[in-house]
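The figures here come from the full heavy-atom set of this structure, side chains too, leaving out hydrogens, waters and symmetry mates.
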Amino acid sequence: MIVFAVCVFGYVSYQKLALTLMPDISYPTLTVRTEYPGTAPQEVETQVSQRLEQQLAIIQKLNNITSISKADQSDIILEFAWGANMNEATQSIREKLDRVRLPRGAKRPLILRYDPTLDPIMRIGLTGPYPLDQLRLYGEEIVQRELEGEEGLAAVKVIGGLEEEYHVSLYEDKLVSLNLDIQQVNTRLAQNNVNLPGGRLYEGRVRYSIRTLNEFKSIEEIGSIVIARKNGVNVLLSDIGEIEKSHKDIEIQTMVNGRESVEIEIYKEADANIVKVAQMVRDRIFGLPNQREYVAKKAAAATEEEAAQRRSDRSRARPTAQELSDRRRQTAEKIREERTMTDYIEYNLPESSSLEVLTDQSVFIKQSISEVKGNAIVGGVIAVFVIFLFLRNVGHTAIIGITIPVSIVATFAPMQLADVSLNIISLGGLALGVGMLVDNSIVVLESIFRCREEGDSFVDSTVRGVSEVGGAVVSSTLTTIAVFFPIV
């Protein structure tokens with residue numbers, strides 16, 4: 001019963017274990033990045049990098065400091081000792097940075113912390129026979145908006161495509177003739193395109209929040225801005241330039257199967273499990289199996305239902321009130337069912353557009369862990385077979401064969417309590433433990449078997465056999481632990 005209870009707790013814990021490729025590792029490296037626009041590398045080094053290095057070099061537990069100075073930017077890489085508290089280190093860096101006086105024009109230093117888990121766990125391509133600005137709008141309004149509220153997701157970013165922008169092209173000859181310059185135009189545009197808080201207004205017990213709402217909503221509003229007043233006449237922006245709807249310069253171009261597309265990047269929360277989050281995203285985008293099956297059947301049966309309905313309408317007499325009521329109820333139930341079964345993103349996309357998973361970290365993780373699991377099972381079977389060849393005893397082999405899976409399942413419970421995930425490192429540790437378990441089992445069983453041959457009873461042979469080799473078994477196990485403990 002004890003062994004059975006251990007197996008039950010172990011199996012339940014196994015269902016709850018997180019699945020990752022590698023254990024969580026906090027890299028003890030920080031980067032201090034400072035931008036200094038319009039400067040050469042030599043100036044960045046002398047005026048920014050060296051000043052920051054002098055202050056940051058005295059931080060505790062700092063192993064190495066390296067600076068990279070290039071045009072417009074300074075990067076100082078700080079490498080700390082393993083085990084250093086990075087939150088305390090970040091706070092110390094902020095305190096040191098506050099003491100540094102940087103030249104005018106240099107921006108505030110940023111503290112960057114590299115974390116492999118900050119990479120997107122999934123990349124999804126959105127394609128369709130639409131302009132790139134519409135595709136980007138679909139990505140933002142349909143895909144991004146639907147996914148952002150899901151549990152476990154930190155951010156959903158849309159990249160590529162065309163971002164809407166309004167361009168103002170000024171006529172140089174008219175600017176010169178009216179004695180105007182571009183800076184005046186920029187100032188007037190900035191002053192007239194605002195959305196700012198204006199304080200509070202109290203009226204009795206009621207408090208109103210006042211805002212200045214004056215953002216541009218159309219090309220006509222932009223063109224009607226008064227840039228200046230010459231000879232008693234207002235000079236409008238449309239008089240000295242042309243306003244047109246366009247897009248920002250393309251910095252990122254994404255292609256799916258040779259077609260320009262929009263890419264959606266999925267980022268998980270720090271403590272979320274990659275495999276579960278990726279599966280949730282797939283279900284939300286492409287639907288659950290029963291939802292996909294419902295949509296497929298609906299599409300196949302749509303034509304037949306319409307034809308049958310037309311035949312029924314022609315042959316049926318005028319419906320009674322009860323029949324109308326039943327029909328309305330059935331229609332309402334069908335609508336509710338359809339809303340439930342079609343509530344996924346791909347179904348709600350415009351016609352002929354599609355989503356395709358480009359990269360998914362969870363696929364590689366599941367394949368890798370599955371490979372390790374398969375190897376462990378095959379290794380256990382081979383170990384039992386080899387033990388039987390040498391021991392030539394079915395009972396002893398059966399004991400070891402049962403001990404191996406029971407011990408592995410029992411390990412899942414403390415793993416779950418200690419928040420250890422199933423990854424290549426932890427599975428490798430389990431495999432190592434199985435090897436030691438087999439070695440120790442053979443030694444202990446042989447010792448008990450020898451005591452039985454010497455005439456001891458079942459209980460006495462067990463106690464004496466274990467006590468005689470217990471010290472050696474424990475010593476050999478501790479030796480192995482001592483070798484691998486520094487890795488921990």
Side-chain angles (χ1 to χ4, degrees), residues 22 24-120 123 154-155 157-160 163 165 167-170 172 175 180-191 193-194 196 247-254 263 265 267 270:
M22 297 292 288
D24 292 333
I25 299 175
S26 179
Y27 293 90
T29 302
L30 295 173
T31 300
V32 178
R33 174 167 295 175
T34 308
E35 294 184 3
Y36 192 8
T39 54
Q42 292 83 357
E43 296 173 335
V44 172
E45 181 179 9
T46 57
Q47 299 183 27
V48 178
S49 298
Q50 290 182 358
R51 296 183 185 181
L52 293 177
E53 282 182 330
Q54 291 174 358
Q55 285 290 334
L56 298 176
I58 58 176
I59 294 178
Q60 293 182 351
K61 295 186 179 181
L62 180 65
N63 282 354
N64 189 31
I65 183 169
T66 306
S67 66
I68 302 173
S69 301
K70 50 188 176 183
D72 303 335
Q73 183 177 297
S74 165
D75 284 341
I76 298 178
I77 302 170
L78 306 169
E79 299 178 12
F80 292 86
W82 283 97
N85 190 319
M86 300 309 295
N87 293 328
E88 294 181 0
T90 303
Q91 185 61 35
S92 299
I93 291 174
R94 288 198 178 98
E95 293 174 358
K96 302 296 182 184
L97 292 176
D98 291 339
R99 302 177 185 176
V100 181
R101 297 192 62 180
L102 297 176
R104 182 176 297 177
K107 296 184 178 180
R108 184 180 180 86
L110 300 176
I111 303 176
L112 307 178
R113 183 172 179 177
Y114 173 72
D115 188 350
T117 60
L118 295 180
D119 296 332
R123 287 186 171 92
K157 296 182 180 179
V158 179
I159 63 175
E163 294 187 69
E165 191 176 65
H167 290 175
V168 179
S169 303
L170 299 176
E172 185 178 357
L175 284 176
L180 297 173
D181 57 41
I182 295 178
Q183 185 59 41
Q184 287 179 266
V185 178
N186 288 338
T187 302
R188 294 296 295 167
L189 281 170
Q191 290 175 345
N193 187 36
V194 294
L196 300 173
H247 57 80
K248 294 182 180 180
D249 294 336
I250 298 177
E251 297 181 354
I252 299 175
Q253 188 176 27
T254 61
E263 184 177 308
E265 294 183 341
Y267 295 83

Evaluate the side-chain proximity of Phe80 to Ile59: yes if any heavy-atom separation is below 4.5 Å, no if none is. yes

When rounded to the nearest 0.5 Å, the distance separating CG of Leu180 from CG of Leu175 is 6.0 Å

Heavy-atom side-chain contact between Ser74 and Gln47 under 4.5 Å: no

On a heavy-atom basis, which atom in Leu102 and which in Pro109 lie closest, and how many Å separate them? CD1-CG, 3.9 Å

Heavy-atom nearest pair, Glu265 first then Pro120, reads CB-CB, 4.1 Å

Taking the side chain as every heavy atom from C-beta outward, state whether Lys96 and Ile58 have any pair of such atoms under 4.5 Å apart. yes

Close side-chain approach of Val44 and Thr34, heavy atoms under 4.5 Å: no

Quick one: pull up CD in Glu263 and CD1 in Ile159 and give me the separation to the nearest 0.5 Å. 4.0 Å

Nearest heavy-atom pair of Tyr267 and Lys157: which atoms, and what distance? CE1-CD, 3.7 Å

Quick check: closest heavy atoms across Asp75 and Arg33, and the distance to 0.1 Å? OD1-NE, 2.9 Å

For the CD atom on Glu172, are there more than 12 heavy atoms of other groups (residues, nucleotides or ligands in this structure) within a distance under 6.0 Å? no

Tell me if the CD atom of Glu165 is crowded by more than 12 foreign heavy atoms within 6.0 Å. yes

Less than 4.5 Å apart, any side-chain heavy atom of Val100 and any of Val48? no

Without swapping roles, check the side chain of Gln184 against the backbone of Asp181 for a donor-acceptor pair under 3.5 Å. yes

CZ-CG distance between Arg99 and Leu56, expressed to the nearest 0.5 angstrom: 11.0 Å

Return the CD1 to CZ distance between Ile76 and Arg51, rounded to the nearest 0.5 Å. 12.0 Å

Roughly how far, to the nearest 0.5 Å, is CG of Leu78 from OG1 of Thr31? 7.5 Å

Looking at Ala81 and Pro28, what are the two nearest heavy atoms and their distance? O-CB, 3.9 Å

Is there a side-chain contact between Leu30 and Thr90 in this structure, where contact means two heavy atoms from C-beta onward sitting under 4.5 Å apart? yes

Counting C-beta onward and ignoring hydrogens, is there a side-chain heavy-atom pair between Ser67 and Gln50 closer than 4.5 Å? no

Does a side-chain heavy-atom distance below 4.5 Å link Leu97 with Ile111? yes

Do side-chain atoms of Glu43 reach the backbone of Ala40 as a donor and acceptor pair under 3.5 angstrom? yes

